[in-house]
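In what follows, a structure is listed as structure tokens, so that the remarks can point back to it.
Here the structure is a predicted model, which means the values were calculated and not measured.
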Amino acid sequence: MLLALFLSLVAGILLSSEGIILSLFLLGLPLVILVRKKRYSGLFIIGTGFAVGILLRYLPFELTHQGRIYGVIIKRSEDYFVIKSLFKRYYIQRPDHSFEVGDFILLQGTKATFNFTTYESRFNFNEYLNGLGVTNSIEVQELSLILKSVFRSHALSSFLEGLFYGPGHGIINGMFFGTTNDVVTAVYDIELGRIFSETGLLHLCFVLVIDRALGRFKKGKVAFLIKFCLVLFLWYLNPASFALMRMLFLYLSILYCKQQRHPRTLTLNLSFGIMMLLYNPFLVNDLAFGFTYFVIIFREFFHPRGLVFRRIKRLLFLFVVTTPLLVYYQGVINIFGLIFVIPLQIMILGGVILSILSLVLPLNFVIVSYEKLFLRTISFVGGVDGRIYFPELTLTGLVFLILGVLGVIYAIESRNKRQKRAIFGIITMPLLITFLPLNHLYESKVVFINVGQGDATLIRHRDLTILIDTGGNQSFEIADEIIIPFLKKEGVFALDYLITTHDDFDHNGGVMSLTKKFPVHHFYSRHNFMPIYYRGTIFLQNHNHLASQDENDSSLVLSFRLSRTNFLLLGDARASVLETIMMMTPTLTADVLKLSHHGARNGTSTKLLDLLKPDEVIISVAAINRYGHPDEDLLLELKKRHIKTHLTSKSGSIEYSYYFG
């Protein structure tokens, strides 16, 4: 019955426009079981849990008095923190603050919406805050600490980091205390960073290692007390860690029930999950929560035995069944990295233990050598490109992926060979087919890629692929982190044409890296290659033949037609240049118009809009930029003309798909 209540509660919390399929899926599981067992009284519990879940997600109340907001800090970083005020959560930017998780504060300020710059295929801070349940930011005018939390974990972590300061202590500082260093960067580069950091798996395995060690020397109450104190200490260092909170709850429950019959571990886990969801319903968006309860519920419903548990290590099996979650949260899986996850985990734990021993033994040389070996191992694992990129997975897609994994496991466990082959074939064939770019046979696509303050446009028509501009960023390599992962997600493994409209860095900043690391058959950056014909279906043409010393005014102005839709890309040319082009080419039209110079005031004039009469416009721009793009007056003019406007800063990558066109 607890399982039914837990699932219905999660279903209610997840209920939204995009989560309705997953909600019904979770709600249907206990319904089917209760109906089959004829336990109709449980239907009331399911309905109650579902209603409470919906209520928890959408409660708008906050703790205020005379315009001031009271709240508890539930998340902190070096330059920001998140507060919980009854049922509302707010983001507060505060560089170099000294607050800790659990501090009770009073603040006054102006509420505002947050919109941080996002990039295709990179970590989305807006989505992360939304996942925490944060609705607004607060521009603080007054701030005071009312009650200081007993948890000063950040201060203690800083003190402990000082003990392990110096060469060779990157493993314990990076993986245990979260310090950014070469070790952390290397682990994230092979797509395993979130597995170790957010699921608390490393800390839990450290506890298990201590448990095994104690089992050889100490048993009974003493060993249990040592383990409990260790978990308590780790939780003090990471008070927001769901995994450590769950383990501490289990230990406390065992201590409380030591004179009684121990409840089932499933009952304890579900009780803890229900309590945590009642306190913080947005835990359903947390990787650690999903990671834990997916495995628990999977085992309860499925009872896997035989082949799986006899031949595959339990930890490796855990990663197999949680693959859907990794796909949903990360969008990419490094198969080779997952194969090595257990050896890497053992190596990390070895480095942690060596670092602790170095406090009393002269092991500095050993630790330096060990860390070099670890980084070389990571480099070897990362050197084999085992990354599989997935398009953005919706909650509905997650349901089908989960069902696919369950079906594969069921097929493996089935004793009926014919049934096994049939199920295995029915489920795995579509999954394998999804990795093949078969949609290229019937689908054409134009994507305005979200590269922040810059331009990049992909045209894919059958077996033709054209990339116009690459974007550019001074902080990171845009081809490695955005363009190449995006192309692989789209099933594009070579470019027929790479074109840059002009030589500004925000248009061609990724060219050098892209041409070195990705197959590009033809690269053009000048006018003389135009036009491009493709079997009579694509006609890519440049309309700017005006001589100019200004780099922006010499931009290529490109038009093409795809499945009855006319596209026009204006580069960075000024309005005066574009109006001259229109006078020279009066028949030029645009159903979809990518505005010039990221929506700048001098890029697109009202006269140009009236001449082209576009149905939709695209503005490729960063949410926060020093140029003030896009121009507010231009946005008003677009609104007056009822022209549908898309900004990559708000919508992300903007896609137009056509079938059999």
So that I know where these two stand, are [X] and [Y] an aromatic pair - ring centroids less than 6.0 Å apart?
{"X": "Phe289", "Y": "Phe282", "answer": "no"}
{"X": "Phe242", "Y": "Phe272", "answer": "yes"}
{"X": "Tyr627", "Y": "His598", "answer": "no"}
{"X": "Tyr370", "Y": "Phe374", "answer": "no"}

CZ/Phe123: more than 12 non-hydrogen atoms of other groups inside 6.0 Å: yes

Does Lys650 have more than 12 heavy atoms from other residues, nucleotides or ligands lying within 6.0 Å of its NZ? no

Answer yes or no: is there an ion pair linking Arg76 with Asp103, defined by an N-O contact shorter than 4.0 Å? no

Do Asp480 and Lys517 meet the salt-bridge criterion of a basic N to acidic O distance under 4.0 Å? yes

Not counting sequence neighbours, which residues clear salt bridge (Lys or Arg N to Asp or Glu O under 4.0 Å) with Glu127? List them please. none

To the nearest 0.5 Å, how far apart are CG in Asn450 and OG in Ser653? 5.0 Å

Does Lys84 qualify as a cation-pi partner of Tyr279, given the criterion of NZ or CZ under 6.0 Å from the six-membered ring centre and within 45 degrees of its axis? yes

With a cut-off of under 6.0 Å to the ring centre and 45° to the axis, is Arg122 in cation-pi contact with Phe476? yes

Check: residues 335-344 side-chain donor-acceptor pairs under 3.5 Å, at least two apart:
none

